[in-house]
**Q** 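Got a structure for you, written out below as structure tokens; questions coming shortly.
Labels below follow one simple rule: chain letters A, B, ... track the order of the sequence lines, proteins then strands, and each chain is numbered from 1. For clarity, every value in this text was computed on a predicted model and none was experimentally measured.
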Amino acid sequence: MMRSMHVFMRNEGGTTEVNLSSFLGEGFFLCLYAIRPLIGIRQIHYDSNQCSITYLEGLCMSEANEQLSMPTTYDPKAAEQKWYDYWMKGGYFQAGRLPDAEPYTIVIPPPNVTGMLHIGHGLDFTLQDILIRTKRMQGYDALWLPGSDHAGIATQTKVEQQLREEGLSRYDLGREKFLEKVWDWKHLYADNIRNQWKKMGLSLDYSRERFTLDEGLSDAVREVFVKLYEKGLIYRGKYIINWDPAARTALSDIEVEYKEVQGNLYHLKYPLADGSGSITVATTRPETMLGDTAVAVHPKDERYKDMIGKMILLPIVNREIPIVADDYVDKEFGSGAVKITPAHDPNDFEIGLRHDLPQIIVMDESGVMNDQAGPYESLDRFECRKQIVKDLQEQGVLIRIEEHVHQVGHSERSGAVVEPYLSTQWFVKMKPLAERAIEAQKSGKGINFVPDRFEKIYLHWIENIRDWCISRQLWWGHRIPAWFCEECNHMHVAREEVHACEKCSSTKLRQDEDVLDTWFSSGLWPFSTLGWPDANSEDFKRYYPTNVLVTGYDIIYFWVARMIFTALEFTDQTPFKDVLIHGLVRDSEGRKMSKSLGNGVDPLEVIERYGADAMRYMISTSSTPGQDLRFRWERVEQARNFANKIWNASRFALMNLEGFTYDDIDISGELGTADRWILHRMNETSREITRLIDAYEFGETGRLLYNFIWDDLCDWYIEFAKISLYGQDAAQKKKTQSVLAYVLDRTMRMIHPFMPYISEEIWQHLPHEGETVTLAAWPKYDSALEAPEAVQEMTLLMDMIRAVRNIRAEVNVPMSKKVELVVKPADERTYNSIKRNLEYVERFCGTSNLTVKLDCAAPDKAMSAIVTGVEMYLPLAGLIDIEQEIARLNKEREHLNKEVERVEKKLANQGFMAKAPANVVEEERAKMEDYREKRDKVIARIQELQEV
RNA sequence: GAUCUGAUAGCUCAGCUGGGAGAGCACUAUCUUGACAGGGUAGGGGUCGGCGGUUCGAACCCGUCUCAGAUCACCA
């Protein structure tokens, strides 16, 4: 709906009417409001019928803004590009600038080169950046080492997928060509990752960037492998492992995810070979019966006592297999008889060893039945299952199918159903390594987990650890440093390539085809990146062990635990002192972010829309250690608004700091109440946030900064400062300018770790010393800034102002109405406080025409307010009626009465008096006095009014 | 089955050694007073999951139950 509107332009008392037509009311108003500074409008009034505009007198806003080159809203994009380049050029992130300082080290959990970073990385990296930036400012030689992980199976899967789209497999290309492709991929994604780091504003030392397949790191891998082998802690052998038929590789136990699946339990009746009967077994994987080499029963099971030792004629393959007795079998479960397939089940494998049973592998490495499967050869394992069920049913062997929900292992990467599979692999013997780690932890020389409950989780895992299968039948990764002689098959394990067989001198050697589990190299990350095993590595000597590792709870087993035991084994110390565990970033409904749900959040999108600082602030401060957090756009918005608030407060300051230099800052001597108060608050805040950052309490830190900046600095101090800044007293003005410049400078330093860009942008505008806030000194608590009496005075003023505002709101006193506030202080000290600060009260009580009168009698037609130490009366003849005021006061009295009673009761409680600490009792006493005083005054006032 | 985490305002969450329940958003009213409408001011809204216990005093400690989630281990 279009309608026309009149716009009045008011200037110097005169009003010009302007007709504007064809616009939508409120939308237009908002547009006009937005461009207000640009066209020099000072005020706009809008209601549904008219809109009036007042131009700025004198200096108009647009000019002021141009001078400052600071628009009314903060523009993150320009600042981000500019300052990151500036930081890089200055080399501020490079460690080693302070050779005499104590080092502080963090190594980044290397992201996989499989794709783009997600918001979870955003959380992880932001927390680290906050720590490293804080420590850098605190004067440490801070090193944050970046890098990425080759992520063997994950990356190879991706590249193979890409190939598949071209109709190719890795075998078509061959090992060498394929690896070239993967390296291309790696370069592309490592660049992307680096770019994303920069967008997030991370202060990484790029000169030390590492990749797990770098020469140095590969050397570390070989060193560790050979040493462990020589110690007998790495062995090669034929065992049941978890096999991923899609990726055609072995997996470790923790790379298998168990998911609940609705399946069937098939009951099979195996006939005895002598025809004397049958025995029933049950299985969820009937196709494995082709590899059965026994049936096991419990030795004490009466039902089968006589059958032990007899033979069974295995259907379909017509193989005779024995009935064996083994304690493993649970008499109570199912029929009490178990089919044994040593080559395709870990438990059966163990039983097979005990009873010396043959191991028959019935499928190949891609899950297709092999020649041992007789008629089912070349059928896929699941096809075979269908077929064999049908056949067994026809032969009367399958007597029952029962629905059965069970856990089925899936490959963490490919998603394929994992097949327990007998094959020759390399393993790390975990017991001795784990014991050392457990001992370290229990003797107090271990890792400080934050929150500490994760220590329990870590210990539980490492105490129950099984040997680690480290070989992978992949191409992308560290090749196992083992060479076999083609003549005599002798195995050589060595750091360098072996050219001649030590046994038969043959030069025909071939290296083991397999590569190592990607976590084998990640497990060395904290020291391999710093130059280990090179004994002369300066970085290793200086920066190891690292201070803290920051990561999510999802990789405690995969990574954290492995780093700990390898570091203990090879460097004789823990790789870091603290481990900060954070949660997962979930979507707004609490679901895990995933590709399939499409609910992932791209950090670059967040940065694009709201700026890197907003993203960093939101994500770092909306988390508590160890707890998951939900990603909500409205929280990013809140963070953006916070950034904008900081921006505008700074704009105000800068407008009033024209010509003011760093050398002009002088906060000594006589300062106003508000000045001393804000310095006090800033000082307190700096002490608290320093403590909280050291405790990894980023959420609390953020809240504290938010409250300090928004409430104390913007809502109170800046308002109070206006009196002095707009006043006539030049000396006083200079003091306020000093405080403003000083406090803002320190405030920018304090928020810098959280919001590096906006703090740098503002800091550079402010009177400052030094090249960058990145290297500015962290604010230290300064006892000279303590000002308890200013706090007391300020509290009084704030209470008074709030009380008057309340009254005003209640009776709706128009802004324009002239009011006199009558104030009666209780004592001389309060009197002097108020006297000194009259102007503040007059200005900020929510009305522009308020004057304060001290030493007057209480007027009749007035609303009253009692705050600690002061009675106040706001004469509002014509606006209030006395009955209403009495009613309001009665309500107030009731409330105070309740408080008084509560405290009195507490103080009358002998238990409390006897057992509560003295300061608590004292506080309660003071409260009671205060409440009583207020209540009595309210009562007195009611009586006064009733007499009128 | 074991272990762990969570349950606080309509929503999302804080509440860091037990001492008068908080924030943001949303909602209601109100305001354009030379930084900010991405603002200001005022306000409504909670037996802190239930029940017991310890304590002078419990959102917080202990026990127990209910619900939600996670991790680990599983027998065919």
**Q** Rounded to the nearest Å, what distance is computed from the CD atom of residue E260(A) to the C1' atom of nucleotide G1(B)?
**A**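 Nearest whole value for this atom pair: 13 Å.
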**Q** What is the base-pairing partner of U17(B), counting Watson-Crick and G-U wobble geometry with both distances under 3.5 Å?
**A**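 The answer is none; no pair meets the criterion.
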**Q** Please determine, for G46(B), whether a Watson-Crick or G-U wobble partner exists with both distances under 3.5 Å, and give it or none.
**A** none
**Q** Counting only side-chain nitrogens and oxygens, does W710(A) get under 4.0 Å of the OP1 or OP2 atom of G40(B)?
**A**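 So the side-chain polar atoms of W710(A) do come within 4.0 Å of the phosphate oxygens OP1 or OP2 of G40(B), strictly under.
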**Q** Is it true that the side chains of D348(A) and Y328(A) contain a donor and an acceptor less than 3.5 Å apart?
**A** no
**Q** So which nucleotide from C16(B), G43(B), G24(B) ends up closest to the side chain of Y706(A)?
**A** G24(B)
**Q** Assign the ring pair F454(A) / Y553(A) to parallel, tilted or perpendicular, where the plane angle (0 to 90°) is split at 30° and 60°.
**A**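 It falls in the parallel class, under 30°.
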**Q** Pick the C1' atom in A26(B) and in G44(B), then give their distance to the nearest Å.
**A**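 One C1' to the other, the span is 13 Å.
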**Q** If U54(B) has a Watson-Crick or G-U wobble mate with both distances under 3.5 Å, name it; if not, just say none.
**A**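 None - no nucleotide pairs with U54(B), as no candidate has both distances under 3.5 Å.
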**Q** Compare the minimum distances between each of G6(B), G40(B), G15(B) and the side chain of E700(A), then state the nucleotide with the smallest one.
**A** G15(B)
**Q** Any N/O pairs under 3.5 Å between the protein and nucleotides 66-72 of chain B? List them or say none.
**A**
{"from": "U71(B)", "atom 1": "O2'", "to": "Y557(A)", "atom 2": "OH", "distance (Å)": "3.4"}

**Q** Measuring from the side chain of E634(A) (C-beta onward, heavy atoms only), which nucleotide among G38(B), G24(B), A76(B) has the closest atom?
**A**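 The listed nucleotide nearest to E634(A)'s side chain is G24(B).
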**Q** Rounded to whole angstroms, how far apart are NE2 on H344(A) and P on A76(B)?
**A**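 Nearest whole value for this atom pair: 18 Å.
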**Q** Does NZ or CZ of K645(A) fall inside the cone over Y706(A)'s six-membered ring, less than 6.0 Å from its centre and within 45° of the axis?
**A** no
**Q** Can you tell me the Watson-Crick or wobble partner of A35(B), both distances under 3.5 angstrom?
**A**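 A35(B) is unpaired by these criteria.
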**Q** Report the nucleotide, chosen from A76(B), A35(B), G24(B), that has the shortest atom-to-atom distance to any side-chain atom of I718(A).
**A**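 Between A76(B), A35(B), G24(B), the one nearest the side chain of I718(A) would be A35(B).
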**Q** May I ask which nucleotide in the shown strands pairs with C60(B), Watson-Crick or G-U wobble, both distances under 3.5 Å?
**A**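 Base partner found: none.
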**Q** From CG of N464(A) over to P of G1(B), roughly how many Å is that when rounded to an integer?
**A**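 It works out to 20 Å between those atoms.
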**Q** H406(A) vs H404(A) aromatic rings, parallel, tilted or perpendicular, using cut-offs 30° and 60°?
**A**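 H406(A) vs H404(A) ring planes: tilted.
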**Q** Between P on A37(B) and CD on Q638(A), what's the gap in Å once rounded to a whole number?
**A**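 Atom-to-atom, Q638(A) to A37(B), this comes out as 18 Å.
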**Q** Give the nucleotide from the list A76(B), U5(B), C36(B) with an atom nearest to the side chain of R453(A).
**A** U5(B)
**Q** With rounding to the closest Å, how many angstrom separate the P atoms on G57(B) and C74(B)?
**A** 49 Å
**Q** Taking atom NZ of K331(A) as the centre, report whether more than 12 heavy atoms of other residues, nucleotides or ligands fall under 6.0 Å from it.
**A** yes
**Q** Just checking, any donor-acceptor pair under 3.5 angstrom between side chains of T280(A) and S335(A)?
**A** no
**Q** Just name whichever nucleotide pairs with A7(B), Watson-Crick or G-U, keeping both distances under 3.5 Å, else none.
**A** U66(B)
**Q** If we call it a pair only when both distances are under 3.5 Å in a Watson-Crick or G-U wobble match, what pairs with A29(B)?
**A**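 Its partner is U41(B) (Watson-Crick or G-U wobble, both distances under 3.5 Å).
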**Q** If C72(B) has a Watson-Crick or G-U wobble mate with both distances under 3.5 Å, name it; if not, just say none.
**A**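 Pair assignment: C72(B) / G1(B).
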**Q** Using OP1 and OP2 only, check whether a side-chain N or O of Y717(A) sits under 4.0 Å from A35(B).
**A** no
**Q** Would you please say whether a donor-acceptor pair under 3.5 Å links the side chains of Y266(A) and N264(A)?
**A**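 A pair is found: one side chain offers a donor N or O, the other an acceptor, under 3.5 Å apart.
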**Q** Which is more 5' along RNA chain B, the nucleotide nearest Y328(A) or the one nearest Y258(A)? Just name the residue.
**A** Y258(A)
**Q** Nearest to the side chain of T73(A), heavy atoms from C-beta on, is which of C75(B), G34(B), G38(B)?
**A**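 Selected nucleotide: G38(B).
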**Q** Measure from the side-chain heavy atoms of R805(A) and tell me the nearest of A76(B), G19(B), A42(B).
**A**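 The nucleotide sitting nearest to the side chain is A42(B).
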**Q** Would you mind reading off the distance between E350(A) atom CD and A76(B) atom P, rounded to a whole angstrom?
**A**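 Rounding to the nearest Å, CD of E350(A) and P of A76(B) are 17 Å apart.
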**Q** Could you check whether atom CZ of R466(A) has more than 12 heavy atoms from other residues, nucleotides or ligands sitting under 6.0 Å from it?
**A**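 12 or below, so no.
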